[in-house]
Amino acid sequence: MATIRQAINETIERVRIPTPTRLRDLIRQIRAARTAAEERAVVNRECAYIRSIFREEDSVWRCRNIAKLLYIHMLGYPAHFGQLECLKLTASPRFTDKRIGYLGAMLLLDERQDVHLLITNCLKNDLNSPTQFVVGLALCTLGAIASPEMARDLAGEVEKLMRSPNAYIRKKAALCAFRIIKRVPELMEIFLPATRSLLNEKNHGILIAGVTLITEMCEKSQDTLNHFKKIVPNLVRILKNLILAGYSPEHDVSGVSDPFLQVKILRLLRILGHNDPDASEAMNDILAQVATNTETSKNVGNTILYETVLSIMDIKSEGGLRVLAVNILGRFLLNSDKNIRYVALNTLLRTVHADISAVQRHRSTILECLKDPDVSIRRRAMELSFALINSQNIRAMSKELLIFLEKADADFKAQCSSRMVHVAERYSSSIRWRLDTLLSVLVAAGNYVRDDVVSSTIQLILNSPPEEQAYIGLRLWDSLHNITNSYEDKQPLLQVAIWTIGEYGDLMLSSERLEDVEIPAESELVDLYQKLLWTTSVSTSSKQYALVSLAKLSTRIHSAEEELRAKQIVEAFGTHLHIDLQQRGVEFSQLFRDYSHLRPALLEKMPKLQKSLTNGNGDGNGTGGGLFDENSGGIDLIESGGDEMEIGGLLTGSSEVKLGSNTNALLDLLGGDDPADGLGLVPPTNSIIPTGTTTTNGKASSNSNTQDLLDLLGGLDMPVSTPPAAIPPLGGGVGLDLNCLNDNSIKSTTTTTTAVTGSSSFGGLENLLNSNLTSPTTTIPIVGGGGIVSPTLGTAPIINNSTGSIAANNSLFSDFSSINNNEEHSKTLTALDKNGLLVQLLAKNSGGCLQIVMTAVNNSLSTLEQYLFQAAVPRSFSLQMLSPSGSALPPGGTITQEMRITSTAKATLRMRLRISYQCDGNPVLEQTELSGFPEDPTTPLE
């Protein structure tokens, strides 16, 4: 009677309330709209009608209105006002209402909505429904929108349903458990007992759900992985039955029995057999059967073979099985389907380290893929080709890759050229062949060459024997003649060529003639520079190379007429509009005019580069490093018991000073005959200088070359008599010597008075000498006997009479102080060492703050792009991050970035790091936490 009464009431309601628009009619109206405005009008009109019906609490047409609202939501219009109506439908006893209600809940609800909590009780009731389809709806909805709280409340209900006698419910419950574990991994233990029984089912749907659930559990927990390694025989048996089973129309797909289940099982076997010899041994035979018995004429079979190959390469499989897997990928490379070829290349690239000799057999096929019209296939083929290069095949592979580089798109040329330089440096045994290869790269890649290729080529030429330098110089000269009309497209080649001609022009002019290259005349060399410097097709950077190179070439040629032409060309740039070119022109003109006798010494050939130190001075810009000889000695400072006065890196006072063999390296490099005499220092033969002894230098006034050089370097006023206390230790090699000469001049009038003055007359010669130099302007007289003499400029330093120490807010003193102290208080921490990327932090306390230099080194064969380093510190610290030196890491490349941390409260520093980059087009994100930084900052001098 109740049902009859309800039907009568619904009929009366339908008569009383007008029938709303059906869903299909709404779809027709929206599709008939000619403009977006017409569509919005239709949608807004229908939404307004639906809202009015909801306010009237109409239960007759609620299902139809929610269906229309869901369609409007799918079009991108707001439909949140239907959330409560969805909950009302889920509480309806009718299955059709529940179906639309749960669908609306899955689309309109999420855990950020308060309404989301109201559906929990309804789900619990429906999970206990006697109707399997209602239970299925509840399980699907729970898996889709479960929050952690909802999952914890209903996990027990789902576990009970996994033991249900109904196969349909067991399958749905297993899939729901999979979603719950993915959302809340700690609930995994609840489902463990019921999970193993799923593998004993004969229903393929339950088997797929069970294997999927076990796979997720194994990926989330190592303990669960060890627990399920006992089921490897069961999985092998199921997979064997699938292979040997006859035709089954229920599961057959293109002649293969249930490929979906096979793929799931193969993936689970790969996880269970990883780094486990026993489990791998148990599955070797079945993997071999799958690899040999699967039909490859259809995509279904290729899919199974692909998963088989991944499993073979990821477990501890036999060598013959690995060869079989690589051969399968080799057959994939011959497939006409582009997708299959791409998958094969991508898989070979990921597994080439496992058995490179087997992959080498398919080298010719891989090289053919370099000519494929599809850009993604060409990219993967290029990366795989570089991965296959070794010392035996480098010449043949480089020849093919150079052909590819010539015809490659612009997107490929930068990466390909950098990798060519890397592999040539790593595997080549012949310097000449390597020089020829780098020249071919410069010609083929044009302006797409990265800066690292230019610097690597120049360094290789610099470290080559003289006969090879002459050879590559002539080759570069010939290459410039071949690109006469296309200089703008070959700027990197132009820069390397003019640098080489300027450095080794004398070797080129005196070398033997090559077969196809004529020895150029001196006039031809100068004509080339004149053409390059006056043409508009050459970039400013290349003109900077050319101007310095021409100045050097002027000391290599013997013709006075050509030397005069070079001088005139250089002088013409003294009025150039570009400030850097003008500065170089003025400086080199001064060398030609006033210091011509010093030019051969100042512009001599660069020394061989043996070791590169990045960010050596910690200047914050990532460019403070220099190139030093590993074996170059420093300056030894031997302290005695008397008082001493330390000003940054200058040590004076009553202590004894021992000068190392490299004290006079600067003036030796610049051509001074007797550097010690020119600076007023004691001869190096007197290594120990006793306090109070006056050294008289008789050569200082007679050595004109040295005095002229000192005049050029800023008017250093060196008297004949210099006290030992005024001797500056020019420590650390050439780089520090240059800084010392630029930053301060040393004047001495008595044995107890020392004056440190700033030198600003060095001009822009730092561009010539490749040194980052500053010019302080404060003159600070220092009285050794006690008391303070007011400086002529700036602020006087504070002198402590008891210790003789001095503190000054001067860049010279602070820089030298940091050099002395950093070695004692620096600490290197490794933040990341994974997949060929090494990230280290060098932390040092300086001036009351912690300076950290991040250095990222790419030891892999792939270029890492869009490199981003992010750091976070606790609230009791403040963090300042300077700009990084770059964002791309080629193989062997380095990126540096400086951070400065100050503490606002007493606390231990912990740093959270986030490192992201792209490798082969795939985004990679690494996160880590680091501690152990130096705790006690260096106390500033007072």
Are side-chain heavy atoms of [X] and [Y] found at a separation under 4.5 Å?
X      : Y      : result
Tyr545 : Val454 : yes
Tyr427 : Met397 : no
Asn302 : Asp337 : no
Ser860 : Leu837 : no
Ile315 : Leu272 : no
Asp920 : Arg380 : yes
Lys490 : Leu442 : no

> With distance as the sole criterion, is a donor-acceptor pair present between the side chains of Ser542 and Gln491 under 3.5 Å?
Replying inline: yes
> When you check the side-chain N and O atoms of Asp409 and Tyr448, is any donor under 3.5 Å from an acceptor?
Replying inline: no
>> Run the ring pair (Phe, Tyr, Trp, His ring centres under 6.0 Å) test against Phe404 and tell me which residues pass, sequence neighbours left out.
In response: Phe412
> How would you list, by chain and number, every residue that makes a ring pair (Phe, Tyr, Trp, His ring centres under 6.0 Å) with His481, sequence neighbours excluded?
Replying inline: Trp477
Applying side chain to side chain contact (heavy atoms under 4.5 Å, CB included), name anything that partners [X], two or more places apart in sequence or on another chain.
X      : answer
Ala358 : Val323, Val326, Asp355, Arg361
Val343 : Tyr306, Thr347
Lys298 : Ser254
Ala282 : Val232

Quick test of your reading: applying salt bridge (charged side-chain N to carboxylate O under 4.0 Å, His left out), list the pairs with at least one residue in [range], sequence neighbours left out, ordered by first then second residue.
range            : answer
residues 384-404 : none
residues 447-470 : Arg432-Glu468, Arg450-Glu865
residues 303-326 : Arg270-Glu307

>> I need the single residue from Leu370, Leu367, Leu348 that forms a side chain to side chain contact (heavy atoms under 4.5 Å, CB included) with Leu384. Which is it?
In response: Leu348
>> Going by side chain to side chain contact (heavy atoms under 4.5 Å, CB included), Ile304 matches just one of Ile243, Thr296, Val290. Which one?
In response: Val290
> In chain order, what residues pass the salt bridge (Lys or Arg N to Asp or Glu O under 4.0 Å) check against Glu518, with sequence neighbours excluded?
Replying inline: Arg513
>> Arg331: which residues meet the salt bridge (Lys or Arg N to Asp or Glu O under 4.0 Å) condition with it, sequence neighbours left out?
In response: none
If only atom types and distance count, is the side chain of [X] paired as donor or acceptor with the main-chain N or O of [Y] below 3.5 Å?
X      : Y      : value
Asn858 : Pro890 : yes
Ser280 : Gly273 : yes
Glu503 : Met606 : yes

>> Below 30° counts as parallel, above 60° as perpendicular, anything between as tilted: where do the rings of Tyr867 and Tyr917 land?
In response: parallel
> Tell me, which pairs form a ring-ring contact (aromatic ring centres under 6.0 Å, His included) where one or both residues lie in residues 324-375, sequence neighbours left out?
Replying inline: none
